[in-house]
Amino acid sequence: MVLMVTATALAEFPVEQFLAHWWVFPVSILFSMIALSSGVSGALFFSPFFMLVVGLSPSQAIGAGLMTEVFGMGNGLLNYVRQRVVDYATAKWLLVGAVPTVVVGAFAAHYVPTTLLTILFGVGLLGLGGFLVLYDPPEKCVPGEREGKYLKAKNSGRGETTIETTDGETFTYDTCWRVPGVAMAGVGGFITGLISAGLPK
Amino acid sequence: MFVLAIAALAGAAVHALAATPVWYVVAWSIPGVLIGGTVGTRVGKHVPSEIMEPALGVVFTLVGMIVLGSELATF
């Protein structure tokens with residue numbers, strides 16, 4: 001039964017279209033090199049490329065961008081897990097906010113009018129471009145330097161988080177109030193599902 | 001990156017189930033990102049972020065303007 005389904009799927013695969021798009025391969029190598037070296041989401045490169053150059057519809061381009069991003073990030077993710085540098089205690093809370101909303105956003109992308117989706121994507125790119133140009137890179141930021149009194153009070157007294165890596169390095173930092181992180185992960189997750197960008201920033 | 005990878009997986013799964021994925025494109029992009037990602041993690045540490053991030057910001061701004069311009073031109 002599995003063999004029959006596989007054979008059917010292979011028989012229906014559009015071989016001519018596949019061969020005609022060979023040039024996507026070298027472009028993908030270039031985009032992923034830039035994405036991994038800069039830390040920016042790979043789907044931000046692929047989605048506009050799939051829309052403007054390959055000619056896919058916005059929802060197809062966003063879906064293809066997300067699928068490509070999953071494989072592109074998978075290698076990096078496995079390395080981080082092996083090195084034990086993942087803060088699972090924080091990550092699980094961020095996932096509580098991000099996963100349900102990314103599912104909702106991904107479904108919504110197929111029902112939002114194409115024009116609106118494209119405009120949202122363009123506006124998202126403009127916003128991200130402005131953010132990258134105007135804001136300092138993470139290495140130049142001091143954690144908590146822009147906190148107001150309210151957030152400072154809320155972030156105090158929550159203990160510390162310690163990460164011990166496989167090569168003996170230890171990272172210790174204050175555990176923050178989870179609610180803003182979960183809320184932002186939820187908003188970012190929805191936007192990521194909708195237009196494939198938003199969660200990292 | 002851990003959270004983003006899991007969230008992207010969830011989003012990609014929804015897109016794969018809700019619509020017909022364009023496998024003839026993704027079949028080229030996935031091997032490309034596996035190769036480029038391996039090289040990118042080695043190259044990245046040599047490129048200062050104070051150069052890379054503003055440069056990418058300019059690129060994304062230009063692409064955003066092209067995407068908006070091409071869509072608004074159809075009105």
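For the numbers below, each heavy atom of this structure counts, side chains included, while hydrogens, waters and symmetry mates do not. Naming convention: chains lettered A, B, ... in sequence-line order (proteins, then strands); numbering from 1 in each chain.
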Novice: Please find the pair of heavy atoms, one from A/Leu125 and one from B/Val63, that lie closest to each other, and give the distance.
Specialist: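 The answer is CD1-CG1, 3.7 Å.
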Novice: Taking the six-membered ring for Trp and the full ring for Phe, Tyr or His, determine whether the centres of B/Tyr24 and A/Phe18 are under 6.0 Å apart.
Specialist: no
Novice: Could you have a look at A/Leu56, A/Val27, A/Val54 and say which one has the most heavy-atom pairs with chain B under 4.5 angstrom?
Specialist: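 Answer, by heavy-atom pair count under 4.5 Å with chain B: A/Leu56.
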Novice: Do A/Ser28 and B/Ser29 have a side chain donor and acceptor closer than 3.5 Å?
Specialist: no
Novice: Heavy-atom pairs under 4.5 Å with chain B - which of A/Val103, A/Thr68, A/Val24 has more of them than the others?
Specialist: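 The option with the most such pairs is A/Thr68.
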Novice: Heavy-atom cut-off 4.5 Å, strictly under: side chain, backbone, both or neither for A/Phe46 against chain B?
Specialist: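 For A/Phe46, side-chain heavy atoms alone lie under 4.5 Å from chain B.
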Novice: Please work out whether the ring planes of A/Trp23 and A/Phe49 are parallel, tilted or perpendicular, with thresholds of 30° and 60°.
Specialist: perpendicular
